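What you are looking at is a predicted structure, and each value in this text was computed from that prediction instead of being measured. Numbering of residues begins at 1 and proceeds along the displayed sequence.
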Amino acid sequence: MQKDFEKIYNDYRNQSEQQSSLEVRQEPLNGQEEIIAVRKNDSGEIIAFKTNTGRELDYITALEEAKSGKIAHIDVFHKYGREIIRSEPDGIIENNLSNLPIF
């Protein structure tokens with residue numbers, strides 16, 4: 001019997017997407033802030049962030065605060081030879097950093 005790997009994977013993805021749409025984002029814990037808006041340069045790259053408390057953070061400051069756990073719902077990972085900030089992968093396109101309002 002031959003397995004249909006693509007069907008199995010697609011079923012897995014669909015189930016994950018359905019589950020994530022049912023999950024409610026947890027509130028920030030321990031005084032963590034959330035990013036609510038971004039600023040982009042002329043190339044469309046995110047260069048700054050605005051938090052729910054009204055603070056405006058340059059990329060380096062946001063990176064350091066994210067690494068120390070002060071900002072909720074974002075990840076820091078290593079790519080292109082440097083550290084990058086991204087939204088937690090939760091399957092919700094609307095809360096991706098690139099889809100947030102511009103300030």
Side-chain angles (χ1 to χ4, degrees):
M1 179 188 215
Q2 195 172 34
K3 289 186 177 186
D4 185 345
F5 293 109
E6 189 162 346
K7 180 187 180 321
I8 293 168
Y9 179 74
N10 287 335
D11 290 346
Y12 158 77
R13 285 200 54 190
N14 289 335
Q15 183 181 26
S16 296
E17 289 172 5
Q18 290 172 359
Q19 181 64 31
S20 67
S21 68
L22 296 174
E23 293 174 357
V24 177
R25 273 182 93 128
Q26 294 180 350
E27 292 299 314
L29 303 173
N30 301 324
Q32 287 179 309
E33 293 177 80
E34 289 185 278
I35 293 174
I36 60 165
V38 296
R39 179 166 292 157
K40 297 180 180 182
N41 64 14
D42 292 338
S43 299
E45 299 168 315
I46 297 172
I47 60 170
F49 305 89
K50 185 173 187 175
T51 71
N52 60 324
T53 64
R55 291 191 317 135
E56 296 178 0
L57 308 173
D58 62 74
Y59 201 94
I60 301 300
T61 301
L63 183 66
E64 293 304 318
E65 291 196 12
K67 288 177 8 184
S68 67
K70 294 179 182 176
I71 302 176
H73 308 302
I74 62 171
D75 291 333
V76 175
F77 69 106
H78 195 80
K79 190 172 184 178
Y80 311 119
R82 63 180 190 263
E83 292 179 311
I84 306 286
I85 295 173
R86 72 171 184 185
S87 305
E88 284 181 338
D90 60 7
I92 303 170
I93 294 171
E94 293 79 19
N95 67 15
N96 288 351
L97 292 175
S98 59
N99 293 331
L100 291 178
I102 304 295
F103 75 96

Quiz item: If every non-hydrogen atom of K40 is compared with every non-hydrogen atom of S98, which pair is closest and at what distance?
Solution: NZ-O, 3.1 Å
Quiz prompt | D58 (side chain) donor-acceptor with T61 (main chain) under 3.5 angstrom | solution = yes
Practice problem: For residues I74 and I35, report the shortest heavy-atom separation together with the two atoms involved. | Solution: CD1-CD1, 3.8 Å
Exercise. Enter the distance from N99:CG to I92:CD1 here, rounded to the nearest 0.5 Å.
Key: 12.0 Å
Quiz item: How far does CD1 of I36 sit from CG of N52, to the nearest 0.5 angstrom?
Solution: 6.5 Å
Self-check item: 4.5 Å side-chain heavy-atom contact, R86 and D75
Solution: yes
Quiz item: Could you state the interatomic distance from CD (E88) to CG (L97), rounded to the nearest 0.5 Å?
Solution: 10.5 Å
Quiz item: In the single-linkage hydrophobic clustering (I, L, V, M, F, W, Y; side-chain heavy atoms under 4.5 Å), do L63 and F77 co-cluster?
Solution: yes
Quiz prompt | E65 side chain reached by L57 side chain, heavy atoms, under 4.5 Å | solution = yes
Quiz item: When rounded to the nearest 0.5 angstrom, what distance separates CD1 in I85 from CD1 in I46?
Solution: 8.5 Å
Quiz item: Under 3.5 Å, side chain of K50 to main-chain N/O of R39, donor-acceptor pair present?
Solution: no
Practice problem: Mind listing the closest non-hydrogen atom pair of I71 and A66 along with its distance? | Solution: CD1-N, 4.2 Å
Quiz item: Are the side chains of Y59 and I47 in touch, meaning some heavy atoms are under 4.5 Å apart?
Solution: no
Quiz item: Do I8 and D11 touch side chain to side chain, with heavy atoms closer than 4.5 Å?
Solution: no
Self-check item: Test of ring centre spacing under 6.0 Å for F103 and F49
Solution: no
Exercise. State, yes or no, whether a side-chain contact exists between I102 and V38 at a heavy-atom distance under 4.5 Å.
Key: yes
Quiz item: For atom CD1 of I93, is the number of surrounding heavy atoms from other residues, nucleotides or ligands below 6.0 Å larger than 12?
Solution: no
Quiz item: Got E83 and K67 here, is their nearest side-chain heavy-atom distance under 4.5 Å?
Solution: yes
Quiz item: Pick one: which of K70, R55, H73 meets side-chain hydrogen bond (donor to acceptor under 3.5 Å, both in side chains) with E33?
Solution: R55
Quiz item: Any idea which heavy atoms bring Q32 and G69 closest together, and the distance?
Solution: NE2-O, 2.9 Å
